[in-house]
There are 2 protein chains.
Amino acid sequence: MVGLKVSDVGIRVEDYLTTIYRLQEVYGHAKTTNISRELNVRPATVSKVINYLKRKGLVDRVKYRGVTLTGKGREVAEEVVRRHRIAETFLAVFLGFDIYEAHLYAHHFEHLPKEVIERIYERMSRPTTCPHGNYIPGVMAGATVGVKLTEVDEGRQYVVVRIAGELIKPLKMLRGLALNSLIRVVERTPFYTVVELGSGELVELPSDVAETVYVSNVRSD
Amino acid sequence: MVGLKVSDVGIRVEDYLTTIYRLQEVYGHAKTTNISRELNVRPATVSKVINYLKRKGLVDRVKYRGVTLTGKGREVAEEVVRRHRIAETFLAVFLGFDIYEAHLYAHHFEHLPKEVIERIYERMSRPTTCPHGNYIPGVMAGATVGVKLTEVDEGRQYVVVRIAGELIKPLKMLRGLALNSLIRVVERTPFYTVVELGSGELVELPSDVAETVYVSNVRSD
DNA sequence: AATTAAATTTAGATATGTCTACTATTAAAA
DNA sequence: TTTTAATAGTAGACATATCTAAATTTAATT
């Protein structure tokens, strides 16, 4: 629909758009079930809302395959993701929540007035990334850092530099794993990756989880 | 309805309950038109929602006269008002908004998770009142301070100690008037009160506005 | 390739919250 | 006190957002 203003997009619709945005960051597109899991609603509901989003020109859809954002949809989503990530920074840095809690609570900040978010942004000294290492839209894109955990060597140690997309399943499995944690890749197959955390704990990450984790080599200087 | 949990109350319903709460603080009860103005919806909508609130046991109603909160309704409202007033403090003290902006924006904080609000409360050093001088529910009630502007002497100077209810009309008319401002009561009739602000500006306040403003004598020590 | 399982979509029901247009009641004015 | 104006309420329509149950399509397994 022509002339649609961002403010005309309902808040729940914004939730769907940002979820699709975050899924696209990781998988390139969003499938009904994934959206359903992220938003904790039934697939049938997602399907119905996607129809609505398509009518509004916010997403493209290939039936039974998945959706991607249109330019307009991305525009709305980036606004909201910016708010989310600024809020996460505030929650982690100023209020002292861990990054999992910060993510959960940040959701509720996504629909605060722009003026408030931008004031918080200033007070937090204009961060460029959130506590998960993802860029805060609105600043220069910057180069992508790190390599996916699904593409590194077995047996070596790495630093976690980013948890892309901030999807619920990875975030839950990686609870307590902060940015800049050291991990060792114990085993890597096409289906899963086993990592050893700083605590010595071994975690087996399915590929869909492992590919959201970006790491860098440990510099020994 | 028995067993109703606070979390079961929709956010819009919470808005109605807090509006009624704030109107009760000032006028003792809430009338359809007042609620309508505060929430910026049509009276017909208010009427319909009030039916709903009554069905849920959250308000008492005398048809064509007005509504008051039940114990349960008050409980929900106080929770939300607490959040609102903590948020106002944060917005004014930490982010530097004036008290009118703080009020407007605080609305959007009312539905943030309890954990976040309470963490902000701690970081703000557990304030007992908001920037409008109203008590933050949850702490001890404390004695009411000040006297209504509709009950003071003409010609004398007073300090503003509270703007009760934080209703939209008084807040708009008194924009820029912060707590602890000095004002002089120029003229007082049963219908309006004329006050002189610090700037020398004269403002005529209708009684429904004036009675939300509480003042104290200026101590000369 | 056929069958089974998983994922997706439709259809139809329900709840919340809003509106306009009209009716009823109360308060104010003549 | 009668008329008028203001306020409040009802009826019915509509949009968003959710669900369950059933049908369809795609993917996985035998």
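Chain letters run A, B, ... following the sequence lines, proteins first and then strands; every chain starts at 1.
- Ion pairing between Arg188(B) and Glu154(B) fails under the 4.0 Å rule for side-chain N and carboxylate O.
- For the pair Arg83(A) and Phe109(A), the cation-pi criterion (under 6.0 Å, within 45° of the ring axis) is not fulfilled.
- Ion pair Glu38(B)/Arg22(B) flagged as a salt bridge, since at least one NZ, NE, NH1 or NH2 atom sits closer than 4.0 Å to an Asp/Glu carboxylate oxygen.
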Polar atom pairs between nucleotides 18-21 of chain C and protein, under 3.5 Å, N or O only, would you list them?
unit_1, atom_1, unit_2, atom_2, d
dT18(C), OP1, Arg12(B), NE, 2.5
dT18(C), OP1, Arg12(B), NH2, 3.2
dT18(C), OP2, Tyr16(B), OH, 2.9
dC19(C), OP2, Arg42(B), N, 3.0
dC19(C), OP2, Thr45(B), OG1, 2.7
dT20(C), OP2, Arg42(B), NH1, 2.8

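- Distance CZ (Arg61(B)) to P (dT7(D)): 17 Å, rounded to an integer number of Å.
- Nearest-nucleotide mapping onto DNA chain C: of Lys63(A) and Arg65(B), the residue sitting toward the 5' end is Lys63(A).
- Taking atom NZ on Lys54(A) and atom P on dT10(C), their separation rounds to 10 Å, with Å as the unit.
- Here the options are His132(B), His103(B), Glu166(B), the test is side-chain hydrogen bond (donor to acceptor under 3.5 Å, both in side chains), and the partner is Arg85(B); only Glu166(B) passes.
- Distances were taken from every side-chain heavy atom of Asn51(B) (C-beta onward) to each of dT10(D), dT10(C), dA27(D); the shortest belongs to dT10(D).
- Straight-line distance from the CG atom of Leu58(B) to the C1' atom of dT16(C): 14 Å, rounded to whole Å.
- For the pair Arg82(B) and Tyr121(B), the cation-pi criterion (under 6.0 Å, within 45° of the ring axis) is fulfilled.
- In the displayed structure, Arg42(B) atom CZ is contacted under 6.0 Å by at most 12 heavy atoms of other residues, nucleotides or ligands.
- Other residues, nucleotides and ligands contribute over 12 non-hydrogen atoms within 6.0 Å of the CG atom of Asp153(A).
- At dT16(D), one or more side-chain N or O atoms of Tyr52(A) fall inside 4.0 Å of OP1 or OP2 (strictly under the cut-off).
- Between the P atom of dA17(D) and the CD1 atom of Ile35(A) lies a distance of 14 Å, rounded to the nearest Å.
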Listed pairs, N/O of protein and of nucleotides 2-6 of chain D, under 3.5 Å:
none

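- Cation-pi contact between Arg119(A) and Tyr105(B): absent, since separation from the ring centre below 6.0 Å together with deviation from the ring axis within 45° is not met.
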